[in-house]
Amino acid sequence: MDVKGICLLFVILAVALISSTEGKPPSKCQCKIAARERRNCGPPGISAADCRKAGCCFNASVPGIPWCFTPKPKKVKKVCPADPRIRVNCGYPGITAKECLSRRCCFRAHPAGVPWCFYHRTVEEGKIQMRYLP
C-alpha cells in the first residue's frame, strides 16, 4: 500500500473514531440541574446544537453560569423481564425459587417451556418495559 492509501485509511479511521465517541443528547431529566451545580461542558460561545451534539445540556436562561453543562448520569435499575420470550436462563431444570433468588436472579414458575429462573435486565429509569403477549 502506498503513502496515499495509508493516509486515506488513517483519515477514515480518525473520522470513524470521532463520530463514534460523540455523545447522544441527554434526556430532559438529566438536564434538570440547579444553576449553581452546573459544570461547564463546552468552550465559550458554543452553540446549543454543538453542545447537545457533544452529549451535554444547554440552557441559556441564567446569565453568569455555564450554559453548556454536564448532564446528570442516567439512572438505571434492574428489572425482571415481563416478556417470557426474552428470558435468559440463570438456573437449571428443577431449581427452586429459593435457590434462584440466592443467585440474585428472577423466578417465575410460569409459563411452561421457558426458563423459570432468569437474569434481570438493566433498563433506564423512566423507560417503559414493553410486554409482548403471545
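When reading the values below, keep in mind they use all heavy atoms of this one structure, side chains included, and skip hydrogens, waters and symmetry mates.
Side-chain contact, S102 with E99: no donor N or O sits under 3.5 Å from an acceptor N or O.
Note that the SG atom of C90 and the CZ atom of R104 stand 11.5 Å from one another [nearest 0.5 Å]. The distance from atom SG of C106 to atom CZ of R121, rounded to the nearest 0.5 Å, is 11.0 Å.
Using a 4.5 Å heavy-atom threshold, the side chains of I95 and R103 count as touching. Within the 4.5 Å cutoff, side-chain heavy atoms of R108 are placed close to those of R87. Within the 4.5 Å cutoff, no side-chain heavy atoms of K74 are placed close to those of S27. Residues F118 and P81 are in side-chain contact: their nearest non-hydrogen atoms beyond the backbone lie under 4.5 Å apart.
Scanning all heavy atoms of the two residues, the minimum distance from L101 to C105 falls at CD2-O, 3.3 Å.
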N/O donor-acceptor pairs under 3.5 Å from side chains in residues 57-72, not counting sequence neighbours:
residue: N59; atom: OD1; partner: S61; partner atom: N; Å: 2.8
residue: N59; atom: OD1; partner: S61; partner atom: OG; Å: 2.6
residue: W67; atom: NE1; partner: V62; partner atom: O; Å: 3.0
residue: T70; atom: OG1; partner: R39; partner atom: O; Å: 3.4
residue: K72; atom: NZ; partner: K32; partner atom: O; Å: 2.9

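Across the pair C51 and C41, the gap between the SG atoms, which is the quantity tested here, reaches or exceeds 2.5 Å. When the SG-SG distance for C117 and C100 is compared with the 2.5 Å cut-off, it comes out below that value.
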Please assess V123 against K77 for the test side chain to side chain contact (heavy atoms under 4.5 Å, CB included), listing each intermediate value before the final yes or no. CA-CA 6 Å; V123 297; K77 62 181 177 178; 4.2 Å; yes

